[in-house]
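So you know, we letter chains A, B, ... as the sequences are listed, proteins then strands, and number each from 1.
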Amino acid sequence: MPHLYLVDGSGYIFRAYHRLPPLTNVHGEPVGAVYGYTTMLWKLADELHKADGPTHMAVILDKSSHTFRNELYDKYKAQRPPPPEDLVPQFPMIRDATRAFSLPCIETEGLEADDIIACYAKAALAQGWLVTIVSSDKDLMQLIEPGLDMYDTMNNRRLGAEHVQEKFGVGPERLGDVLALMGDSVDNVPGVTGVGPKTASKLINEHGDLEGVLAAAPSMKPGKLRDNLIEQADMARLSRVLVELKCDVPLPEPLDDLELKGIPEAPLRAFLAHHGFKSLLAKLSAVADTPVEVPVSTVPQEEDPPCDHDGYETVVDEAALDRWITIAKHQGWVAIDTETTGVDATRAELVGVSMALHPNLACYIPLAHGGTDMFAEVPVQIDRTTALAKLKTLFEDPSVLKIGHNLKYDMIVLGRAGLDVAPFDDTILMSFDLDAGLHGHGMDELAATHLSHSCIAFKDVVGTGKNQRGFAEIDLKTATRYAAEDADVTLRFWRRFKPRLPAEQVTRVYEMVDRPLVPVIAQMERHGIKVDAAKLAQLSTEFAHQMGALEVEIHALAGGAFTIGSPKQLGDVLFERMGIKGGRKGKSGVYSTDVNELERIAADKDSPGKDIARKVLDWRQLSKLKSTYTDALQAQINPATGRVHTSYSLTGAQTGRLSSTDPNLQNIPIRTEVGRQIRDAFVAEEGNVLLAADYSQIELRLAAHMADVPALRDAFARGDDIHSLTAQELFGEVNRDTRGRAKTINFAILYGISRWGLAGRLDVTAEEAQAMIDRYFERFPGINNYIVQTIETVREKGCTTTLFGRKTHFPRIRSKIQHERQGAERAAINAPIQGTSADIIKRAMARMGPALIEAGLPNVRMLLQVHDELVFELPEGDVEAARPVIERVMATAAEPAVMLSVPLGIEIGTGKSWGTAH
DNA sequence: GAAGTCACG
DNA sequence: GACGTACGTGACTTCG
């Protein structure tokens, strides 16, 4: 049978307030009444499991003080003192508490909570339901009847008709008359002077009801009582109306909507954590099945309040830090962020740590503020070693999920300070896996997109230019506002992204490809790679000499000095001053002088510019190598480690590839002999060697699998040279020329072919190019179908998908501008192939460490990734043992999630330097 | 900060 | 009839 519990929230708050000490929460807000109220709801939640427990429940609150009773009697409740100052802010929190329990909360303008309760009670009883009113309000006792009782959670007792009889001497049905005679000094119900509960019940029992009493008054024995009853008859009648519960309004919410559907844990947990109600949190943890996996989808997201920077706490004593850590451990998750002295994680020093537990419940723990100015006053903060030891227990606690935005950075910084971070979620990866191609994934951009919030700009905190200060020099108040906001915002991202992962089918790529990679990349960045600074310096000098000589010759040929490095000046010199024909101007009106143009001129025996073009090309190559590699790389050596530590971005490339910056170690020269020398400057430590392992033709293999091309699949299975095979199929013979053309066509297919593009590359007409493409499609059936299918899918869904479920979005696929649309189509053809390749090598990287450990090779260190290549450093003696392990991990990286119909070929080389390892 | 150029897969 | 021509990156130089 349905059983409706109606909770008299308003009545409860006042009782709880007076019964409990003036408790405050972690923010210093008074929460005594809220705590009492919360424990009351907790008790009710326990009732849920009982046989006659609630099936329906609602909390009823007073909305406003002005009701119809004030219209009847202007003094009604007029004498009530205003609620105590420290109770007022708790009223809205009561609503939060109710929401935390996922209970409906009902309040209606112009009606007191008692009236609404009466309405619901009557309606439920009429349907044959059981009703329990959670209150000890005497007015509500009028409602007691068979099927309706009251429950006082403070005394843990049920109240029925016999309780009313005992306390007021009458049954519930006559209670209104008694209350009218008694009056109520608190509510200012007048009643009749001199009549209290005893007299009232006696009179009602003698005369039946109020009207009976008033009618009998003149015949009573003379005295004060008789006179008062006669004189105050109207007041008594008014009182009768005032105490009557009014239930003639429609129900604000239908009864059926009050059905209990369980109490989701997440919002409750968040609420308890927000206020720091530790004992209840502990109880919750005791009954929780999985403390880390949280159904955050039930968290009310729309209702996150705006960031309250002044509400963040600066944690400067151990007790406060303990408190935050305890709550984080109880809650089971915490958003974290680190503040440091710089952007390079392998050099930056830790300055502070921020944490967030709930929107607006965030703190900053300064660790090294005070700046470098030894005369400046150092603010009070927890001893760094002590604080880090405490934080270590939290960050390494396997039952507490750490949430970060680009956690790789924090992992490196914290790792250098001796702290691991696990388990973790990374909101930058979540955003990338959900929305790659739609927008960037930096905190500021995401905050604007998802939270309509503009984060405090870092430069507004530390300044710019020569006035820029280190974060350690920032005052704690400002630092807290900035740092805690980052953790707060990160937590808000997580609450939004986490439920989207399964809903949008990207959990697999997040959990199986990207997330496991974070600690792996962090470790690679920390390792860095040794470079031979002397060798680079020597190359720089050589290049400078050669450039100087070329510069003189170029100026002589040009008939005067100019800046060779300026495309504008060079274009004018070549095409205006020297009168070379065939100059093409770009949209900015500058002649193109790129490598294609210069090669064209240099190849033309009759051109007056062929010598200068050749020399400029040589000069450019040297200039590029010197400035980008030999000079820059020397400057990038970390003095502490003597090695170069790149930074990999996991969210930089739309297709899921990594990218490398500061320095970019994914574009170290290899294609020319001059450039190759730079690879020789990347070396192994004494007694070690470098091992380079790369996937051979991985993208073509994946194309063969994904487009299901039997001829290509078979060729890979046999181990044939794929470009020769293509040459044979397309041109009927294999020689250097046809193989080269075939290679170009193979790549063109992967990149989304156009007849003009291919024509330009092969130096043939568009018609001839088209004929080759047609023949390719004919010889390799499946390719054309793959292209058509991919474009169709991306037009329909707006995104492509890799074999592992990685999405890349192409909003421009619906552009009205043709070339944007076509560009998106070409990118969409390439993305599943390039992306799947990226997924596979990422999986290999994540599995590599454990596989090497298992093979007893803990000294093999993975240093670099270059899209289809992994570079390791290992003791010379480990090479033979490591080789098969590395090969196996790479070759089987797709499995078992994806079983490919082509083998993945791996080529491995070793050497003292990266150059010789190839 | 944009544009041009060029290093890599 | 104009447009622009292969996918994905990052770093450096010049110049306004």
Response to the item:
Under a 4.0 Å heavy-atom criterion, the protein footprint on nucleotides 10-16 of chain C, written with B, S and -, is BBSSSS-
Worksheet item: So what does the secondary structure string of DNA chain C come out as, 5' to 3', with Watson-Crick or wobble pairs under 3.5 angstrom, [ ] for crossing and | for pairs with another strand?
Response: ......|||||||||.
Without swapping roles, check the side chain of [X] against the backbone of [Y] for a donor-acceptor pair under 3.5 Å.
X: A/T808; Y: A/Q654; value: yes
X: A/H867; Y: A/I841; value: no
X: A/Q834; Y: A/E699; value: no
X: A/H809; Y: A/L434; value: yes

Item to complete: Using the P atom as the reference point in each nucleotide, state the distance between C/dT5 and B/dA3 in Å, no decimals.
Response: 14 Å
Discussion item. Would you measure the distance from the C1' atom in B/dC8 across to the matching atom in C/dG4 and give it in whole Å?
Written reply: 25 Å
Worksheet item: So what does A/L750 touch, heavy atoms closer than 4.0 Å: a base, only the sugar-phosphate, or nothing?
Response: nothing
Fill in: With sequence neighbours excluded, residues passing salt bridge (Lys or Arg N to Asp or Glu O under 4.0 Å) with A/R347
A/D344
Is there a side-chain contact between [X] and [Y], using heavy atoms and a 4.5 Å cut-off?
X: A/E551; Y: A/Q546; result: no
X: A/F682; Y: A/L665; result: yes
X: A/Q468; Y: A/K459; result: no

Tell me: [atom1] of [X] to [atom2] of [N], nearest whole Å?
X: A/Q834; N: C/dC7; atom1: CD; atom2: P; value: 11 Å
X: A/I698; N: C/dC7; atom1: CD1; atom2: C1'; value: 16 Å
X: A/D694; N: B/dC8; atom1: CG; atom2: P; value: 15 Å
X: A/L625; N: B/dA7; atom1: CG; atom2: P; value: 7 Å

Worksheet item: Is the phosphate of C/dT5, meaning OP1 or OP2, less than 4.0 Å from a side-chain N or O of A/R826?
Response: no
Worksheet item: For A/R755 and C/dT5, is the shortest distance between a side-chain N/O and OP1 or OP2 below 4.0 Å?
Response: no
Worksheet item: What class does the angle between the rings of A/H918 and A/W914 fall in, given that below 30° is parallel, 30 to 60° is tilted and above 60° is perpendicular?
Response: tilted
Considering only side-chain heavy atoms of [X], which listed nucleotide, [options], is closest?
X: A/F747; options: C/dA6, B/dT5, C/dC7; value: C/dA6
X: A/D868; options: B/dA7, B/dG9, C/dG4; value: B/dG9
X: A/Q818; options: C/dT5, B/dG9, C/dA2; value: C/dA2
X: A/V595; options: C/dT5, B/dC6, B/dC8; value: B/dC6
X: A/T655; options: C/dG8, C/dG4, B/dC8; value: C/dG8

Item to complete: Confirm from the modelled atom types if A/R671 and B/dA7 form a donor-acceptor pair under 3.5 Å, side chain to base only.
Response: no
